[in-house]
Amino acid sequence: MTEAELPEREGMDYDVVVVGAGPAGLATAIRLKQLAQERSEELSVVVVEKGSEVGAHILSGAVIDPSGLDALIPGWREETDAPLVTQVSDDEFYLLGPAGGVRLPNMLMPPLMDNHGNYVGSLGNVCRWLAVKAEAIGVEIYPGFAADEILFDEAGAVRGIATGDMGVGRDGAPKGEFTRGMELRGRYTVFAEGARGHLTKQLIARFGLDAGREPGKYGIGLKELWKVRPEKHRPGLVQHAFGWPLGHSTGGGAFLYHMEDEQVMVGFVVHLNYQNPYLSPFDEFQRFKTHPLFRDTFEGAKRLSYGARAITEGGWQSVPKLAFPGGLLVGCAAGFVNVPRIKGSHNAVLSGMLAAEHLVSALAEGRGHDELASYEGSWRHSAIGADLKKVRNVKPLWSRFGTFIGIGLGALDMWTNTFGFSLFGTLKHGKTDAASLKPAAQFKPIAYPKPDGVLTFDKLSSVFISNTNHEEDQQVHLKVKDMALQKASEHDIYAGPSNRYCPAGVYEWVEETSGPRFQINAQNCVHCKTCDIKDPNQNIVWTAPEGGGGPNYPNM
């Protein structure tokens, strides 16, 4: 059925439409309502969220810098249902080799790396708590509805979004339970989709928001939540490690965070500018857990959940232009992650608040669908800019000089930036993560150990405990633009890295008598977006599946 043959969408009009119920989107909505109340004004705000519930798709470490929450909801610590209760008690940094490791003295760490005063907790639960706060002051929140299309007016300005149609079969034809998507129209639309948002990507291309910026850079973060034995639990302990099992030329690292209720979060980050197409971030993560310094934590423990998500790593140099006719970017959609701190939720909240202030001023003047240049001009001079500017060279130094020399130079640069200067100026990132991959002929395959099902696991059992689900009879939301190119390049030149970089077993090259066939197991997709980032030809495009599909992360 063509677009013209479909029934007309119903629609609703708002002052502000927010796409994404993460910390940035919810902070935008809450601050809009707070400012409207202060001015005794009426302001209509809606948040649309593709997860089945708020928090279902939220995945973060997380050691949370509370500065954003402090600014948004002063006194949150005193509330009986406060979402963060475990403060950091011990902060440890390790350089690992295969048989052991060296703990780095805390006194050598730049001040901004100190985690004391931060909280160990679930960012998903923080978002669930923020959603309750938002609804209490009049924000409308619609979980289970994926923003599928950007709406534009006759002048080319954004005028809102349309949610995806529900009940469309794999063949593209409406099924018996077909429901047309809704138009949510706003005087301004705020995009808070997180890293590599599929609508944000379209906006960057349409409005040239990346002109004059360095390429976007990303990592993939993988995480498991474990219930450990009481004697292994140290509430508030924060451990970070780098080195083994990754080689010198591959950036990344690991973390263990002890939160309340005998729960330990273990995670692994691999920078997606790695070169070896045989590398598997998932299997490197499983190897890490066997390290002598950390495996004892998991003795007698039970794995509760698993997930994966792309992380923005470009920072100061890669942040695109944030304002365009009719809309704004906030949070990880804007790229506000501080890479060495592995923190972005505080900047996400602060960016939402900053956006809200500029939106309220514009709305009070009767404006709409124009470009809020004041927001674009303000973030670099805010707390967000101060946070990102100090660490702007850490990622490019790591990429250029490798783990050991690069991290040392990055630490030196963070120290000098503490005093207001840098020996390096502002370095460039260079090529994209997709262009960083080299042909398989230059490498040998990596033989990863088989999982034991106790400490180490395979992808499919991991996806099972992520509670991932999609309506099976729907169109595949992972689009291959040119299947012939996928065979000639991704398979023949790069040895099928999609089978390895995907942390959920979505992609397979199936050998048949007629030749290899590219199989997409879209049901497994955890919405990490790694394929959209790392495919060497940018031939795979991630689009939104039916709303409510994907992972359902508990306490992640």
Side-chain angles (χ1 to χ4, degrees), residues 14-32 45-51 54 57-58 127 134 139 141-143 145-153 156-164 181 183-210 213 216 309-310 312 314 318-337 344-345 347-356 358-359 362 368-373 375-376 379 384 527 529 532 542-544 547:
Y14 296 88
D15 291 308
V16 180
V17 175
V18 180
V19 180
L26 291 169
T28 304
I30 290 170
R31 189 58 183 154
L32 282 167
V45 182
V46 65
V47 179
V48 62
E49 163 59 38
K50 67 182 174 68
V54 173
H57 290 179
I58 297 295
C127 290
V139 176
I141 302 178
Y142 296 121
F145 292 90
D148 183 64
E149 179 185 342
I150 307 167
L151 304 176
F152 298 95
D153 65 17
V158 174
R159 64 179 182 90
I161 59 94
T163 64
E183 288 193 359
L184 301 176
R185 301 178 292 260
R187 292 164 66 186
Y188 295 102
T189 306
V190 177
F191 292 84
E193 296 182 286
R196 196 69 166 198
H198 73 293
L199 298 183
T200 301
K201 182 180 170 185
Q202 295 174 34
L203 290 165
I204 290 172
R206 182 183 180 101
F207 293 109
L209 304 179
D210 56 352
R213 268 65 168 182
R309 186 69 173 93
T312 55
S318 297
V319 174
K321 185 180 178 183
L322 303 181
F324 44 89
L328 303 172
L329 305 181
V330 296
C332 284
F336 286 150
V337 172
S345 61
N347 285 337
V349 171
L350 292 173
S351 69
M353 296 179 66
L354 185 65
H358 292 272
L359 287 164
H369 307 112
D370 60 328
E371 183 176 316
L372 296 184
Y375 171 65
E376 165 63 25
W379 78 264
I384 304 166
H527 299 202
K529 313 292 181 66
D532 197 282
W542 193 97
T543 64

Inset, instruction - Check whether any side-chain N or O of R196 sits under 3.5 Å from a backbone N or O of D532 as a donor-acceptor pair, and report yes or no. - result: yes

Inset, instruction - Taking the side chain as every heavy atom from C-beta outward, state whether V319 and L329 have any pair of such atoms under 4.5 Å apart. - result: no

Legend entry - Criterion side chain to side chain contact (heavy atoms under 4.5 Å, CB included) on L328 and T28, from CA distance to verdict: CA-CA 11 Å; L328 303 172; T28 304; over 6 Å; no

Legend entry - Residues in side chain to side chain donor-acceptor pair (under 3.5 Å) contact with R185, at least two apart in sequence or another chain: D13, E183

Inset, instruction - Could you name each residue pair satisfying salt bridge (Lys or Arg N to Asp or Glu O under 4.0 Å) that touches residues 15-29, not counting sequence neighbours? - result: D15-R187

Legend entry - Side chain S351, main chain G331, donor-acceptor under 3.5 Å: yes

Legend entry - Distance (rounded to the nearest 0.5 Å) between L350 CG and R31 CZ: 11.5 Å

Legend entry - Sequence-distant partners of K529, side chain to side chain donor-acceptor pair (under 3.5 Å), two or more places apart: none

Below 3.5 Å, can you tabulate the donor-acceptor pairs from side chains in residues 156-164 to any protein atom, sequence neighbours excluded?
| residue | atom | partner | partner atom | Å |
| --- | --- | --- | --- | --- |
| R159 | NE | F152 | O | 3.2 |
| T163 | OG1 | M182 | N | 2.8 |

Legend entry - Point-to-point distance, once rounded to the nearest 0.5 Å, from CG of D153 to NE2 of H369: 6.0 Å

Inset, instruction - Could you tell me the separation between the NZ atom of K201 and the CH2 atom of W542, rounded to the nearest 0.5 Å? - result: 11.0 Å

Inset, instruction - Compare every heavy atom of A348 with every heavy atom of P23, then report the nearest pair and how far apart it is. - result: CG-CB, 4.1 Å

Legend entry - Nearest heavy atoms of V330 and A192, plus distance in Å: CG2-CB, 3.5 Å

Inset, instruction - Please test V54 against L26 for side chain to side chain contact (heavy atoms under 4.5 Å, CB included), starting from the C-alpha separation and ending with a verdict. - result: CA-CA 10 Å; V54 173; L26 291 169; 4.2 Å; yes

Legend entry - Atom pair CG (L199) and CZ (F191), whose distance is rounded to the nearest 0.5 Å: 6.0 Å

Legend entry - Which residues share a side chain to side chain donor-acceptor pair (under 3.5 Å) with Y375, sequence neighbours left out: none

Inset, instruction - State, to 0.1 Å, how close Y188 and A362 come at their nearest heavy-atom pair, and which atoms those are. - result: OH-CB, 3.5 Å

Inset, instruction - Over all heavy atoms of both residues, which pair between E371 and P325 is shortest? Give the atoms and the distance, please. - result: OE1-CD, 3.8 Å

Legend entry - Separation between CG of L151 and OG1 of T189, rounded to the nearest 0.5 Å: 8.0 Å

Legend entry - Nearest atoms (heavy-atom pairs only) where I58 meets G22: CD1-CA, 3.8 Å

Legend entry - Between SG on residue C127 and CD on residue E49, distance to nearest 0.5 Å: 8.5 Å

Legend entry - For the student: nearest non-hydrogen atoms of V349 and A27, plus distance: O-CB, 3.6 Å

Legend entry - Side-chain heavy-atom pair V139, V18 within 4.5 angstrom cut-off: no

Inset, instruction - Indicate the ring-plane relationship of F336 and W379, choosing parallel, tilted or perpendicular according to the 30° and 60° boundaries. - result: tilted

Inset, instruction - Go through the structure and list residues passing side chain to side chain donor-acceptor pair (under 3.5 Å) with T200, not counting sequence neighbours. - result: E193

